[in-house]
Amino acid sequence: MWKQTYATVMALVAAVGLVSCSSTSHFDQVPKNTGFFQHLTENKDKDIPLDAYWVTGMSDKEWDQRVTGEDARGVSVCIAPVTLNYMANRPADSKKMAEIVELKQYFDRALMREFQKVSTNPKNHFRLAQQGSPGVYTMETAILSAKPAVISKNAAVKVLGEALGAGMVTSHVLGKDEDKGSICIGTRIKDPSGRVVSESAKYMTGKSSILGYDLKDYQSYAHHKACIDDWAKLAAESFVSKSDAKLSFPWLKLNPF
């Protein structure tokens, strides 16, 4: 039963069915043999919009005591740099690979920005810590795949020309969501002994704007940044929330471990 299941932090983080990213299940799109996961398991729970999900570890009561401060240890987490070492589709083109590296750096900044916000809030019993410190959990994040937006030069010129002109911009969407690019993010959390206690993955595709036209449609990986921002914000929020927190998604209960 759900109340007896220990949910992972990324159960919330990967719930990025917001304006910018799709939340449809795509377990078949999650790279299976990258070496990042030990327990890649398809998520069958429709209430948790994850593609892959596995967790074991701390009970709800133990987690809640840390979050509320009843347990003086609180929550101590090291945020490891995002890694590209497990990418299943590294681009051969050096320019695109440089863009992926920039995307990874953007991801690092987004995570630190959001986690510093919660760590500096005096009401939270949370601290950012160095890896290897006593009692510290480690969150590791990997970009498992990243596909650029697909757009023909003629279509781009046509729509951008209309946007810069005096007339209305016509609805000139790229087509499938996948044409806006996609990103698959994997996350695993390790306890102070280095044992993996949770793993999750989410494959997300970009969305066009309400007008059917978005400048990000004409940049290779720009849509991914919106997904990353959502992911980072919800990750930080989840680490300072009780196991039954509704947070940004009322249907979702959360226990980070």
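Treat the numbers as computed from the prediction; the structure is a model and nothing was measured.
Of the charged side-chain nitrogens involved, at least one lies within less than 4.0 Å of a carboxylate oxygen, so that Glu140 and Arg188 count as a salt-bridged pair. With salt bridges taken as basic N to acidic carboxylate O contacts below 4.0 Å, one links Asp229 and Arg113. Using a cutoff of 4.0 Å between basic side-chain nitrogens and carboxylate oxygens, Lys95 and Glu99 are scored as salt-bridged.
Within the 4.5 Å cutoff, the side chain of Leu84 has heavy atoms near those of the Met97 side chain. Between Thr187 and Met139 there is a side-chain heavy-atom pair separated by less than 4.5 Å. Looking at Glu114 and Lys117, their side chains come closer than 4.5 Å, going by heavy atoms from C-beta outward. The closest side-chain heavy-atom distance from Gln116 to Leu128 is below 4.5 Å. Looking only at side-chain heavy atoms (C-beta outward), Phe27 and Asn43 stay at 4.5 Å or farther from each other. Side-chain contact check for Phe115 versus Val240: every heavy-atom pair is 4.5 Å or farther apart. Put simply, the side chain of Phe239 does not reach to within 4.5 Å of the side chain of Val67, judged on heavy atoms. By the 4.5 Å heavy-atom criterion applied to side chains, Lys225 and Glu102 are counted as neighbours.
Without hydrogens or angle criteria, His224 side chain to Lys147 main chain gives a donor-acceptor distance under 3.5 Å. Side-chain atoms of Arg127 do not come within 3.5 Å of backbone N or O of Gly74 as any donor-acceptor pair. Between the side chain of Glu62 and the main chain of Ser59, a donor-acceptor pair closer than 3.5 Å is present. Proximity of a side-chain donor or acceptor of Lys32 to a complementary backbone N or O of Val30 within less than 3.5 Å is detected. Although no hydrogens or angles enter the test, the distance criterion places a donor-acceptor pair under 3.5 Å between the side chain of Trp63 and the main chain of Ser241. Judged purely by atom type and a 3.5 angstrom limit, Asp64 uses its side chain to pair as donor or acceptor with the backbone of Ser243. Distance alone, capped at 3.5 Å, places no donor-acceptor pair between the Ser238 side chain and the Ala236 backbone. Side-chain atoms of Asp191 never come within 3.5 Å of backbone atoms of Val197 as a donor-acceptor pair (strictly under, hydrogens ignored). When atom types are taken as modelled, the side chain of Lys104 and the backbone of Val82 share a donor-acceptor pair closer than 3.5 angstrom. In this structure, the side chain of Glu199 engages the main chain of Gln38 through a donor-acceptor pair within 3.5 Å.
In plain terms, the two heavy atoms of Pro148 and Lys96 that are nearest each other are CG-CE, 4.0 Å. Pro31 and Ala88 get closest at one heavy-atom pair: CB-CB, 3.7 Å. Nearest approach of Tyr53 to Val55, heavy atoms of both residues: OH-CG1, 3.5 Å.
Using a 4.5 Å cut-off between side-chain heavy atoms of Ile, Leu, Val, Met, Phe, Trp and Tyr, with links allowed through other members, Ile185 and Ile189 fall into the same hydrophobic cluster. The hydrophobic cluster containing Phe126 does not contain Val136, counting ILVMFWY residues as joined when their side-chain heavy atoms lie under 4.5 angstrom apart, directly or transitively. Following chains of ILVMFWY side-chain contacts shorter than 4.5 Å, one can reach Ile143 starting from Ile79, so the two form part of one hydrophobic cluster. Val77 and Met112 fall within a single hydrophobic cluster, where Ile, Leu, Val, Met, Phe, Trp and Tyr are joined by side-chain heavy atoms under 4.5 Å apart, directly or via other members.
Using cut-offs of 30° and 60° on the angle between ring planes, the pair Tyr86 and Phe36 is perpendicular. The aromatic rings of His26 and Tyr203 sit perpendicular to each other, their planes meeting at more than 60°, with 30° as the lower class boundary.
One distance of note links OH of Tyr137 with CZ of Arg195; it measures 8.0 Å at 0.5 Å rounding. Atoms CZ and CH2, on Phe107 and Trp231 in that order, are 6.5 Å from each other to the nearest 0.5 Å. Atom-to-atom distance recorded for Gln29:CD and Ile183:CD1 is 14.0 Å, nearest 0.5 angstrom. The structure places NZ of Lys242 at 10.0 Å from CD of Gln65, a figure rounded to the nearest 0.5 Å. Between Trp54 atom CH2 and Ser200 atom OG the span is 11.5 Å, to the nearest 0.5 Å. A distance of 8.0 Å separates CE of Met204 from CD1 of Ile228, quoted to the nearest 0.5 Å.
Around CG of Asp28, the count of heavy atoms belonging to other residues, nucleotides or ligands within 6.0 Å exceeds 12.
Using a 3.5 Å distance cut-off with no hydrogens or angles, the side chains of Ser145 and Asn89 do not pair a donor with an acceptor.
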